[in-house]
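Okay, so here's the structure we're looking at.
Below, each value reflects all heavy atoms present in this structure, side chains not excepted, and no hydrogens, waters or symmetry copies.
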Amino acid sequence: MQLLVLGSLKLMVDQTPIALGGDRRRATLGLLLLNANREVATSRLLEGLWKSEETPPTARKILQNAVRGLRVVFAEHTRADNRPPALLTCPHGYQLQVGPEQVDMFRFHREAEAGRAELAAGRPGAAAVILREALALWRGPALADLVEAGHSWTELTELQSARLDVMEDYYEAELANGRHQAVLGALEAMVTAEPLRERACSQLMLALYRSGRQADALAVYRRVRQRLSRQIGLEPGRELRLLQHAVLVHDPSIAAPVGPVRPVVISGSCSGPEQREGFVPPSAPQADGRAGDSVSAVLIRTDFGTGNRGADLGEAMERTARTVREEVERFGGVIAGATGSVTLALFKPVSPQEGVTDRAAGRAVRATMSLRQRICFDLSDGERPELRVAVSTKDVPARPGEPHPGPLPVRGSLLVGCESLLRFAESTEIVVCDRTRRLTASAISYGREDGPRSRWTVRGRCHEAAAQPTALDREPELAILSSLLERVRHRARPHLVLVLGGPGIGKTPLLEEFERRVENAATVRLGQGGFMTAPETTMPAGPRPLVVFVDDLHLADNVVLETIEDLLDPPMPMPVLVVVAARPELFVRRPGWGAGQQHVSRMTLEPATPAAPAGALVGRDMRRLCQSVG
């Protein structure tokens with residue numbers, strides 16, 4: 001005999017539901033089940049069956065008849081191999097005695113505790129399985145039919161809260177397993193239904209961030225903060241504030257885990273690509289004691305239209321996969337894997353002496369450019385797939401004694417950054433992270449696409465004969481920015497630098513030049529739609545500062561302004577330097593913006609003159625100098 005409360009109230013005998021009778025009898029059984037194996041006072045039962053002002057004079061008699069009817073139902077369906085529940089009369093009320101296997105509520109609590117024990121022991125895989133089984137016992141809200149009839153008890157609220165707690169435990173286990181995409185929809189539904197549960201909100205923020213939706217993750221924080229302030233008058237707790245700031249600065253501790261299994265390791269040596277045209281490995285000897293290598297990951301997505309016939313489509317997919325492999329291997333890369341329409345390729349320097357502009361990042365970008373030419377421009381329209389490419393570069397520490405080239409690890413942070421970039425890519429675009437752009441800027445031309453999906457895209461090769469822009473004398477301003485970065489590094493306090501000036505004064509070149517000079521710090525750009533690039537987070541986040549660059553702040557909306565304010569108000573001391581370029585009209589729209597911050601510097605740019613190159617004193621200036629020295 002089974003008694004089910006996790007859903008509509010049911011009495012089951014041999015998998016067959018048994019009729020219980022009218023509403024009073026069902027409500028009596030439901031309230032006794034919620035307090036199973038405990039005495040329930042008669043006054044509590046009367047209060048649960050009727051509201052105090054509606055209790056009829058014959059209420060006790062009606063309760064006694066309900067108890068008698070339940071005893072008859074239990075007795076009629078007793079089996080020799082199944083002990084029925086015992087409904088006892090106590091000095092002050094009644095007690096329903098049931099076995100631990102007879103009520104689904106008991107099984108739920110038991111499995112929930114077992115799942116939490118696995119989670120606490122660091123076994124999220126086993127925890128997720130057990131907690132999923134516990135939640136599967138629920139067929140809907142507890143005693144849904146009695147709730148629909150108007151009954152509302154404290155015990156019901158407690159049971160519903162216990163279900164929400166277990167759901168959060170399950171989501172925590174799945175997030176630890178790296179299954180953020182699998183639970184994202186359920187988390188969004190839960191936060192919509194329970195917007196003030198901070199733990200669920202933090203889990204949704206984490207799932208969104210790991211899915212490449214950083215702006216949506218920060219929007220969740222803003223909503224819960226507004227609700228808490230408006231409804232309760234409180235600020236979010238410390239854990240939620242810490243997570244919000246970790247999302248802002250791309251803290252590596254919240255990146256998606258690689259998974260419960262060991263990381264996949266792919267050999268870095270390829271047979272044959274050295275002899276192919278386009279890739280010649282350097283012959284310099286290996287250097288000992290290297291710090292690590294810059295590994296570039298390339299995600300290549302090729303989508304075919306639905307108009308192709310099955311045979312033609314299969315042939316086209318095979319031809320495209322062969323082209324991808326040829327171009328990757330021609331430039332010294334390795335195909336790490338493929339799933340559906342997405343292929344992962346990895347590039348690593350073949351020796352520690354590989355040139356800065358011809359390292360893994362350079363070969364990766366050149367391979368994608370060659371691939372785009374072959375797929376998007378050399379094929380006819382009917383055979384051409386829709387191509388999207390993303391390139392992300394990270395530093396991978398080298399192990400002592402590891403041969404060069406060593407194995408190529410498929411790591412979570414590298415792939416997460418690449419997946420995030422691929423989401424922003426449009427048809428025929430090659431989107432790169434900021435690290436890749438800076439490593440290859442001397443050989444590859446890039447364009448910055450602004451808007452809701454801000455990104456750096458590959459435009460083509462730089463021509464050596466192209467005229468170089470005139471260098472402006474901004475060394476004093478660059479020295480000030482460098483000194484402020486050192487101050488942030490040593491004092492571990494956020495600092496805001498406002499670079500102000502009219503159009504064409506040189507704000508953007510100043511930011512770009514300072515970004516090129518930044519060393520031993522993570523850098524990130526904040527655009528109109530959120531963070532354009534993820535910072536390099538392979539080094540410890542403690543003493544290493546984060547430098548955030550924001551251009552054209554006068555055009556930004558309030559979300560970007562609030563994001564900067566959040567960066568400058570971290571929950572703990574952190575070295576963050578925010579360098580902002582804006583026109584003076586920013587303060588027409590937002591008077592006094594930034595004035596409330598403790599550490600703010602303003603730098604108003606004046607017109608700069610071109611820097612005179614060495615040996616530029618010629619003609620009349622040279623003769624005047626010679627006359628002055630005799």
Side-chain angles (χ1 to χ4, degrees), residues 180 198 201-226 228 235-256 413 416-417 420-421 423-424 433-435 452 454-455 485 488-489 492-498 515 518 521-551 553 556-580 593-594 596-600:
H180 45 275
E198 293 192 32
C201 290
S202 67
Q203 291 171 338
L204 176 57
M205 288 176 61
L206 193 60
L208 288 169
Y209 174 78
R210 292 177 176 177
S211 301
R213 298 167 58 184
Q214 183 191 16
D216 293 336
L218 295 174
V220 171
Y221 176 82
R222 285 193 295 271
R223 287 196 298 269
V224 69
R225 182 181 183 183
Q226 292 171 357
L228 287 171
E235 285 291 313
R238 175 179 171 82
E239 291 77 9
L240 197 59
R241 290 193 65 205
L242 286 172
L243 177 60
Q244 180 248 5
H245 199 268
V247 170
L248 282 170
V249 302
H250 290 271
D251 192 317
S253 64
I254 63 173
S413 60
V416 167
S420 302
L421 292 172
R423 293 176 182 273
F424 292 119
C433 71
D434 197 57
R435 174 75 182 278
S454 299
R455 59 204 180 276
L485 177 57
V488 165
R489 190 191 310 275
R493 293 179 181 175
H495 197 100
L496 171 65
V497 183
L498 287 169
E515 185 178 3
V518 169
T523 60
V524 65
R525 278 189 172 266
L526 182 61
Q528 302 298 313
F531 285 98
M532 296 173 58
T533 52
E536 304 154 28
T537 53
T538 54
M539 294 181 62
R544 191 178 189 225
L546 172 67
V547 185
V548 181
F549 294 92
V550 189
D551 204 356
L553 186 65
D557 56 17
N558 291 331
V559 173
V560 176
L561 297 175
E562 291 173 2
T563 300
I564 297 174
E565 291 172 346
D566 290 335
L567 279 168
L568 298 172
D569 184 27
M572 61 176 61
M574 298 188 71
V576 179
L577 178 65
V578 182
V579 184
V580 171
W593 184 84
Q597 302 295 333
Q598 293 184 353
H599 304 283
V600 179

task = Measure the OG1-CD distance between Thr563 and Gln214 for me, rounded to the nearest 0.5 Å.
result = 8.0 Å
message = List the residues meeting side-chain contact (heavy atoms from CB on, under 4.5 Å) with Pro570, not counting sequence neighbours, and say none if there are none.
response = His245, Pro494, Met574
key: Worked check of side chain to side chain contact (heavy atoms under 4.5 Å, CB included) between Gln244 and Val247   = CA-CA 5 Å; Gln244 180 248 5; Val247 170; 5.9 Å; no
inquiry  = For the CG atom of Leu568 and the CG atom of Leu577, what is their distance to the nearest 0.5 Å?
reply    = 9.5 Å
key: side chain to side chain donor-acceptor pair (under 3.5 Å) partners for Gln203, two or more places apart   = none
query = Can you name the closest pair of heavy atoms from Pro545 and Arg489 and give their distance?
reply = CD-NH1, 3.4 Å
message = If you compare all heavy atoms of Val488 against all heavy atoms of His495, which two are closest, and at what distance to 0.1 Å?
response = CG2-CB, 3.6 Å
inquiry  = As an exercise, state the distance from CZ of Arg525 to CD of Glu515, rounded to the nearest 0.5 Å.
reply    = 4.5 Å
query = What residues, two or more places apart in sequence or in another chain, satisfy side-chain contact (heavy atoms from CB on, under 4.5 Å) together with Asp216?
reply = Leu208, Arg213
query = Can you list the residues that meet the side chain to side chain donor-acceptor pair (under 3.5 Å) rule with Glu562, with sequence neighbours excluded?
reply = none
key: Leu248 CG to Leu218 CG distance, which is reported to the nearest 0.5 Å   = 5.0 Å
note = To the nearest 0.5 Å, atom CZ of Arg210 lies from atom CE of Met205 at 12.5 Å
Please list every donor-acceptor pair under 3.5 Å in which a side-chain atom of residues 236-243 meets a protein atom from a residue at least two apart or in another chain.
none

query = How many angstroms lie between CD1 in Ile564 and CG in Leu553, if you round to the nearest 0.5 Å?
reply = 4.5 Å
query = Does a side-chain heavy-atom distance below 4.5 Å link Arg225 with Leu228?
reply = no
request  = Identify, with sequence neighbours excluded, every residue that meets salt bridge (charged side-chain N to carboxylate O under 4.0 Å, His left out) alongside Glu198.
outcome  = none
key: Under the side-chain contact (heavy atoms from CB on, under 4.5 Å) test, residues paired with Ala492 that sit two or more places apart   = Pro575
For His180 against Ser211, the heavy-atom pair lying closest together = CD2-OG, 3.5 Å
inquiry  = Does any part of the side chain of Phe549, heavy atoms only, come nearer than 4.5 Å to the side chain of Asp434, both counted from C-beta?
reply    = no
ask   = Is there a donor-acceptor contact under 3.5 Å from the side chain of Asn558 to the main chain of Leu561?
value = no
inquiry  = How close do Ala521 and Val547 get, counting heavy atoms only, and between which atoms?
reply    = CB-CG2, 4.2 Å
